[in-house]
Amino acid sequence: MLLVALVASAAYVADQMFGVVAFTYRYLAFCLLAALAFGGVWHACFRKSALAFVLVVFGILAANFFLPPPSERLLRSAMLKVTPGTDASAIVDIVKQQYEDSPYAIPWIHEDQAGGFDRVHVSLLSQKARNCTSAIFLVENGRVSRSVFSPD
């Protein structure tokens, strides 16, 4: 049970720092695999109620979907929606759309040029002092070529 609590708290912290729940299907797969692994250990040790234990562990890990999303998850979701080939002018609209009904302020959005690339830098610095979590979109010929998530 202690190990389940440790994994659940690590998943919660990972969502707070990196927004991992934005990877919806991958996170659900993690929840399922972790629950099955813990259920297998439970069954090997106690030989009863393994299915109930699997469901409880899955529910604990999947609870992150029902908790209020941190700003990092919203930023990561926006980053995932801006796929390579997206018009660079759509980045601002996608970010605003992600933060529309949230309690967070719109992230700081800045366009600049560095290393021979045009960049669109979306930072959470405008929301909380010293929070440098950001998404950086590299732009070539007016289209997004790559995106990078930079956690604080």
Side-chain angles (χ1 to χ4, degrees), residues 1-86 90-110 114-115 117 119-139 144-152:
M1 292 300 285
L2 221 56
L3 192 56
V4 170
L6 181 66
V7 170
S9 63
Y12 176 77
V13 169
D15 186 40
Q16 294 295 315
M17 291 178 63
F18 307 115
V20 296
V21 177
F23 297 105
T24 306
Y25 296 117
R26 292 178 193 159
Y27 186 75
L28 277 175
F30 161 74
C31 293
L32 181 62
L33 290 174
L36 289 173
F38 281 118
V41 171
W42 184 270
H43 179 69
C45 293
F46 301 109
R47 297 255 182 229
K48 59 180 171 180
S49 304
L51 182 60
F53 187 70
V54 166
L55 293 174
V56 167
V57 172
F58 181 80
I60 289 170
L61 292 173
N64 281 333
F65 282 109
F66 303 107
L67 296 173
S71 188
E72 287 79 1
R73 186 189 315 168
L74 297 174
L75 181 62
R76 176 78 77 167
S77 294
M79 188 189 89
L80 292 173
K81 287 184 179 181
V82 179
T83 59
T86 302
I91 294 172
V92 174
D93 293 333
I94 292 171
V95 170
K96 284 181 180 178
Q97 185 180 47
Q98 283 300 119
Y99 282 87
E100 189 173 318
D101 294 327
S102 75
Y104 304 106
I106 299 295
W108 179 73
I109 301 172
H110 178 70
F117 287 99
R119 298 185 322 167
V120 177
H121 188 188
V122 182
S123 174
L124 299 183
L125 190 58
S126 64
Q127 296 177 1
K128 184 178 173 186
R130 293 189 245 166
N131 186 354
C132 296
T133 300
S134 62
I136 300 168
F137 302 96
L138 301 178
V139 178
V144 174
S145 63
R146 186 172 164 221
S147 59
V148 178
F149 187 81
S150 176
D152 185 16

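Everything numeric in this text was worked out from a predicted model, so none of it was measured.
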When rounded to the nearest 0.5 angstrom, what is the spacing between [atom1] in [X] and [atom2] in [Y]?
X: I106; Y: L124; atom1: CD1; atom2: CG; answer: 11.0 Å
X: L74; Y: Y104; atom1: CG; atom2: OH; answer: 7.0 Å
X: S150; Y: I136; atom1: OG; atom2: CD1; answer: 5.5 Å
X: L28; Y: L33; atom1: CG; atom2: CG; answer: 11.0 Å
X: I94; Y: L80; atom1: CD1; atom2: CG; answer: 11.0 Å

Show every salt bridge (charged side-chain N to carboxylate O under 4.0 Å, His left out) that has at least one partner inside residues 27-54, sequence neighbours left out.
none

Provide the full list of salt bridge (charged side-chain N to carboxylate O under 4.0 Å, His left out) pairs with a residue in residues 11-35, sequence neighbours left out, each pair given once.
D15-R73

Would you sort out whether T83 and V144 count as a side-chain contact (heavy atoms from CB on, under 4.5 Å), showing the intermediate values?
CA-CA 7 Å; T83 59; V144 174; over 6 Å; no

List in chain and number order the residues that pass side-chain contact (heavy atoms from CB on, under 4.5 Å) with [X], two or more places apart in sequence or in another chain; answer none if no residue qualifies.
X: S123; result: W108, H121, L125, S134
X: P151; result: F18, F149
X: I109; result: V92, V95, V120, V122

Any residue meeting side chain to side chain donor-acceptor pair (under 3.5 Å) with S145, in chain and number order, not counting sequence neighbours
E140

Salt bridge (Lys or Arg N to Asp or Glu O under 4.0 Å) partners of R119, counting only residues at least two apart:
D112

Who passes ring pair (Phe, Tyr, Trp, His ring centres under 6.0 Å) against Y27, sequence neighbours left out?
F30, F65

State which residues pass ring pair (Phe, Tyr, Trp, His ring centres under 6.0 Å) with F46; sequence neighbours excluded, sorted by chain then number.
W42

Would you mind reporting whether M1 and F53 have side-chain heavy atoms less than 4.5 Å apart?
yes

I'd like to check F137 versus R146 (side-chain heavy atoms, cut-off strictly below 4.5 Å). Are they in contact?
no

Count the heavy atoms belonging to other residues, nucleotides or ligands that lie under 6.0 Å from OH of Y12, then report whether that count exceeds 12.
no

Of all pairs that satisfy side chain to side chain donor-acceptor pair (under 3.5 Å), the ones with a partner from residues 91-103, not counting sequence neighbours
S71-Y99, K81-Q98

Below 3.5 Å, can you tabulate the donor-acceptor pairs from side chains in residues 4-11 to any protein atom, sequence neighbours excluded?
residue	atom	partner	partner atom	Å
S9	OG	A5	O	3.2
S9	OG	L6	O	2.9

